[in-house]
Amino acid sequence: MKAIINPRPLAGTVPAIASKSMAHRLIIAAALANDPTHVVCNTTCADIEATVRCLAALGAKIEATEDGFSVRPAPRSVELGLLKALHGGTLDCGESGSTLRFMLPVACALGAEASFIGAGRLGSRPLAPLSDEIIAAGCNLDGLGGFPLKTSGRMRAGRFVLPGNVSSQYISGLLLSFPLLDGASEVAVMGKIESRPYINLTIQAMKEFGVEVAVRHADATSAQPETTTFSVNARGYRSPGTVQVEGDWSNAAFWLCAGALSNAPISVEGVSLNSAQGDRNVMAALSRFGARIQRAPKRATAQPDALNGFEMSAQDIPDLVPVISAVASCAQGTTVIRDCARLRIKESDRLATTASELTALGAHVEIDADSLIIQGTTELNGGTVDSHNDHRIAMMAAVAASRCTSQVVINGAEAVNKSYPDFFDHYRLLGGDVTLIEE
């Protein structure tokens with residue numbers, strides 16, 4: 001699909017969509033719980049549907065409702081957990097890295113003889129050292145490095161060790177699997193943890209289902225690096241009856257950044273200022289640029305002012321880098337975004353695609369090792385860009401288009417369906433002029 005945007009300033013209010021990150025976690029816990037759960041989730045997307053599809057392959061009964069999902073856990077065997085999981089199934093993860101990295105340890109904890117498949121770059125995205133820890137705990141993984149990836153054997157309870165500079169999804173996946181094991185388990189994370197807020201989301205979701213995660217920290221010594229250990233003693237998830245998926249800050253960030261680039265405020269309704277989502281730090285980033293920020297219960301607003309570049313770390317907010325780079329492209333002076341290494345293994349190499357597609361629009365972006373260096377300009381030119389099948393690159397380009405002097409064409413615009421199917425509808429709601437052409 002091609003999106004053709006005739007640039008104009010955006011303004012107004014949009015509703016927050018459901019947090020994809022929290023939806024994954026709550027739906028997984030619901031499918032593994034002792035009783036049915038009503039998951040209130042006001043929107044869905046391709047990644048959420050991938051997780052639903054995989055859980056159904058393991059025997060859970062998940063039905064869409066007017067306001068979310070009705071989740072009935074699969075029937076259980078006395079010996080090994082979910083009954084259907086024992087006989088295998090095909091788990092289609094689509095292009096969702098979260099789904100694969102969460103469901104792989106869950107399937108192994110259940111002893112499932114499962115076959116994982118997926119699409120896009122997912123098969124080539126790394127699984128080690130998560131896969132190494134799963135194998136060491138008694139499972140066989142056949143086909144690592146591509147699809148199909150087949151699992152057999154049941155993961156043993158115990159101690160798992162991961163470095164802190166890997167995807168936080170590895171840690172979350174293990175935590176989500178621990179209540180299914182035959183004893184207490186822990187994951188020790190060595191060194192500073194990247195994307196720690198996402199682990200906090202996992203802990204919050206598990207608590208909703210009666211599972212407490214104990215956290216202890218040991219400072220670095222001459223013999224070993226700092227260590228954070230996450231422990232789970234409880235067996236089984238207990239349904240609370242109803243849970244609600246909160247509004248999504250990752251996608252709200254695109255509209256708030258658009259507000260900073262516009263000539264009038266943009267508000268997002270339905271986000272919590274107390275959320276554990278790390279991407280709510282978009283508000284702090286925009287404040288540092290010089291945008292005016294307004295906070296209210298369940299509402300965030302950004303409006304323009306003189307923008308100036310600054311230096312920041314992306315360590316805990318890697319998903320914000322593309323759209324923050326769009327803001328930096330129109331801020332006076334230089335912006336340096338450090339600690340971007342993890343962007344290379346997303347749906348695209350986001351370090352490269354952020355730089356190339358903003359440059360195609362007239363921005364001045366350079367890559368320096370694992371950093372982006374952006375020289376601000378008053379306005380962008382416009383032109384043709386490619387999403388590289390990456391939802392955040394497509395949305396970044398649409399936000400940047402609001403500051404272009406000529407038409408912007410986004411090839412592969414359907415990539416937004418991965419996380420935000422209503423993105424272009426909401427773009428129009430804010431006054432954007434976009435035409436979608438199926439190809």
Side-chain angles (χ1 to χ4, degrees), residues 21-22 24-25 97-106 108-109 125-137 144 155 157-178 181 184-207 211-232 249-250 275-281 284-285 311-321 336-346 349-351 369-372:
S21 296
M22 187 56 89
H24 284 302
R25 292 159 169 81
S98 298
T99 301
L100 176 60
R101 291 163 177 171
F102 293 167
M103 291 304 305
L104 180 62
V106 165
C108 289
R125 293 172 68 179
L127 282 172
L130 172 63
S131 54
D132 297 333
E133 290 296 292
I134 290 173
I135 292 169
L144 280 168
M155 194 162 74
R159 178 178 170 86
F160 298 77
V161 181
L162 291 172
N165 63 352
V166 299
S167 171
S168 65
Q169 292 172 353
Y170 298 173
I171 301 161
S172 289
L174 286 173
L175 288 175
L176 289 166
S177 74
F178 284 170
L181 301 179
S185 293
E186 65 181 29
V187 54
V189 185
M190 316 298 286
K192 183 174 176 58
I193 301 174
E194 294 201 13
S195 302
R196 174 64 183 268
Y198 287 100
I199 300 172
N200 295 339
L201 276 184
T202 304
I203 293 171
Q204 179 182 326
M206 294 175 70
K207 187 174 183 178
V211 177
E212 295 286 343
V213 178
V215 184
R216 63 183 187 274
H217 182 83
D219 292 333
T221 67
S222 58
Q224 69 174 26
E226 65 175 289
T227 305
T228 307
T229 303
F230 302 89
S231 304
V232 175
W249 277 100
S250 297
S275 173
Q277 295 176 59
D279 286 346
R280 68 185 175 90
N281 286 319
E311 185 171 338
M312 61 171 283
S313 170
Q315 188 167 57
D316 285 339
I317 51 171
D319 287 341
L320 295 185
V321 169
V336 178
I337 307 177
R338 297 179 283 100
D339 305 318
C340 297
R342 295 216 54 77
L343 272 69
R344 295 191 182 279
I345 54 172
K346 296 290 187 175
D349 176 348
R350 280 190 193 150
L351 202 59
D370 293 328
S371 298
L372 288 174

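Along the sequence shown, residues are numbered consecutively beginning with 1.
The shortest distance between side-chain heavy atoms of Leu162 and Leu174 falls below 4.5 Å. Counting heavy atoms from C-beta outward, Lys346 and Arg125 have side chains that approach closer than 4.5 Å. Taking the side chain as every heavy atom from C-beta outward, Glu194 and Val166 never approach each other to under 4.5 Å. A 4.5 Å side-chain heavy-atom check between Gln204 and Met22 finds at least one atom pair inside the cut-off.
Atoms CD and CD1, from Gln315 and Ile337 in turn, are 14.5 Å apart once rounded to the nearest 0.5 Å. In this structure, OH on Tyr198 lies 15.0 Å from CD1 on Ile193, to the nearest 0.5 angstrom. Here Ser195 contributes atom OG and Ile317 contributes atom CD1; the two are 9.5 Å apart, rounded to the nearest 0.5 Å. Separation of atoms CE (Met155) and CG (Leu181) is listed at 5.0 Å; rounding is to 0.5 Å.
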Does the pair Arg350 and Arg344 meet the rule for a side-chain contact (heavy atoms from CB on, under 4.5 Å), with working shown? CA-CA 6 Å; Arg350 280 190 193 150; Arg344 295 191 182 279; over 6 Å; no
Apply side-chain contact (heavy atoms from CB on, under 4.5 Å) to the pair Met206 and Ile203, showing each step before the final yes or no. CA-CA 5 Å; Met206 294 175 70; Ile203 293 171; 5.8 Å; no
Quick one: do Arg101 and Ser167 satisfy side-chain contact (heavy atoms from CB on, under 4.5 Å)? Show the steps, please. CA-CA 9 Å; Arg101 291 163 177 171; Ser167 171; 3.5 Å; yes
Under the side-chain contact (heavy atoms from CB on, under 4.5 Å) rule, what do Ile134 and Leu104 come out as? Steps first, then yes or no, please. CA-CA 9 Å; Ile134 290 173; Leu104 180 62; 4.0 Å; yes
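Between Leu351 and Cys340, the closest heavy-atom pair is CD1-CB, 3.4 Å. Counting all heavy atoms, side chain and backbone alike, Leu130 lies closest to Tyr170 at CB-CG, 3.7 Å.
Side chain to side chain, Thr202 and Ser172 meet the donor-acceptor criterion of an N or O pair below 3.5 Å. For the residue pair Ser231 / Arg216, a side-chain donor-acceptor distance below 3.5 Å is found, with atom types taken as modelled.
Using a cutoff of 4.0 Å between basic side-chain nitrogens and carboxylate oxygens, Glu226 and Lys192 are not scored as salt-bridged.
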